[in-house]
Amino acid sequence: AGLGAGLGSGFKAWISDAGRHASVEHDVAVRWDPANPKVGVDPDLAIFEPPPAHRDELTSVMTWREGQSPPLLAVEVVSPSNPRKDYAVSPEKYAANGAQELWVFDPRLVGPRSTGGPFRLQVWNRAADGAFERTYAGPGPARSTVLDAWIVPAQEGRRLRVSGDSEGRSLWPTREERLLAEKESAVAEKESALAEIAALKAELARRPK
């Protein structure tokens, strides 16, 4: 269980469609305390806006350096081997590093009951006063402020998708789904053109010579 490729490609499509100057990063460490540079987080998936400087050779984002900012949005998948980390420690670290939004996804529901869980999905947002607050904890769907869309568990809760509506009827297409739709549209256009040509030929054939 995990995020799958669809969520990242959905994020990239959102960046492209919205004209945002941002990037999607996998497994890039985030550090924010120059006095303790080993303290950090390693989001499973994150959006950075603007993209980190020198991102092609980047392994760590150090937010005290010029051109390197905290994540706009980060996603953490709860590990069965250490579920308490993402339930208790990760939100505190994202609160400290300046992230705007955090999703904690627990597809296997392995989180500790001592914190009220397990929860399939938790969302934290940065408030206007700078506080980092949990705005949702439950089975989903949940609202994403950053994306202005809905986070929807799919495939029996094993994956996350983004949708324009809370019922998941307007899922953001993955890259593969977009390519398939483009191919189907091209085929439909070709078939329509061929049908028009056939109709014209039939019309010409009926005309008196």
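- Residues passing the side chain to side chain contact (heavy atoms under 4.5 Å, CB included) test with R113, sequence neighbours excluded: P118.
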Using the side-chain contact (heavy atoms from CB on, under 4.5 Å) rule, take K85 and S90 through it: C-alpha gap first, then chi angles, then the decisive distance, then the call. CA-CA 6 Å; K85 175 181 75 71; S90 290; 3.8 Å; yes
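- Residues H26 and L45 are in side-chain contact: their nearest non-hydrogen atoms beyond the backbone lie under 4.5 Å apart.
- Using cut-offs of 30° and 60° for the angle between ring planes, the F11 and W103 rings count as perpendicular.
- Evaluation of the side-chain hydrogen bond (donor to acceptor under 3.5 Å, both in side chains) test over residues 135-149, restricted to residues two or more places apart or in two chains, returns E101-S144, N125-T135, R143-D148.
- When all heavy atoms of P107 and R120 are compared, the pair lying nearest together is O-NH1, 2.5 Å.
- For the ring pair (Phe, Tyr, Trp, His ring centres under 6.0 Å) test, no residue two or more places apart in sequence or in another chain qualifies with F119.
- A search for salt bridge (Lys or Arg N to Asp or Glu O under 4.0 Å) contacts involving E196 returns nothing, not counting sequence neighbours.
- The nearest pair of heavy atoms linking W172 to A149 is CZ2-CB, 3.6 Å.
- Grouping Ile, Leu, Val, Met, Phe, Trp and Tyr by side-chain contacts under 4.5 Å, direct or through others, puts W64 with M62.
- Partners of S69 according to the side chain to side chain contact (heavy atoms under 4.5 Å, CB included) rule, which considers only residues two or more places apart in sequence or in another chain, are P50.
- Here CD of Q100 is found 8.5 Å from CZ of F132. Values are rounded to the nearest 0.5 Å.
- Using a 4.5 Å heavy-atom cutoff, the side chains of P52 and E25 are in contact.
- Within the 4.5 Å cutoff, the side chain of V28 has no heavy atoms near those of the S60 side chain.
- For E66, there are no salt bridge (Lys or Arg N to Asp or Glu O under 4.0 Å) partners two or more places apart in sequence or in a different chain.
- Around CD of E167, the count of heavy atoms belonging to other residues, nucleotides or ligands within 6.0 Å exceeds 12.
- The two atoms that bring R161 and P173 nearest to each other are NH2-CA, 4.1 Å, heavy atoms only.
- The shortest distance between side-chain heavy atoms of D86 and F105 does not fall below 4.5 Å.
- Among all heavy-atom pairs drawn from A53 and Q68, the shortest one is O-NE2, 3.9 Å.
- At least one side-chain heavy atom of Y87 sits under 4.5 Å from a side-chain heavy atom of D106.
- A search for salt bridge (Lys or Arg N to Asp or Glu O under 4.0 Å) contacts involving R84 returns nothing, not counting sequence neighbours.
- The shortest non-hydrogen separation linking L121 to A142 is CD2-CB, 3.7 Å.
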Kindly list each side-chain donor-acceptor pair under 3.5 angstrom involving residues 32-43, sequence neighbours excluded, with atom names and distances?
| unit_1 | atom_1 | unit_2 | atom_2 | d |
| --- | --- | --- | --- | --- |
| D33 | OD1 | A35 | N | 3.0 |
| D33 | OD2 | N36 | ND2 | 2.9 |

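- R65 pairs by the salt bridge (Lys or Arg N to Asp or Glu O under 4.0 Å) definition with nothing, not counting sequence neighbours.
- Looking at heavy atoms from C-beta onward, L171 lies in side-chain contact with S163 at the 4.5 angstrom threshold.
- Counting heavy atoms from C-beta outward, I47 and I15 have side chains that approach closer than 4.5 Å.
- Hydrophobic clustering, defined by side-chain heavy atoms of Ile, Leu, Val, Met, Phe, Trp and Tyr closer than 4.5 Å, groups W150 together with V152.
- Remark: P70 engages T63, N97 in a side chain to side chain contact (heavy atoms under 4.5 Å, CB included) (not counting sequence neighbours).
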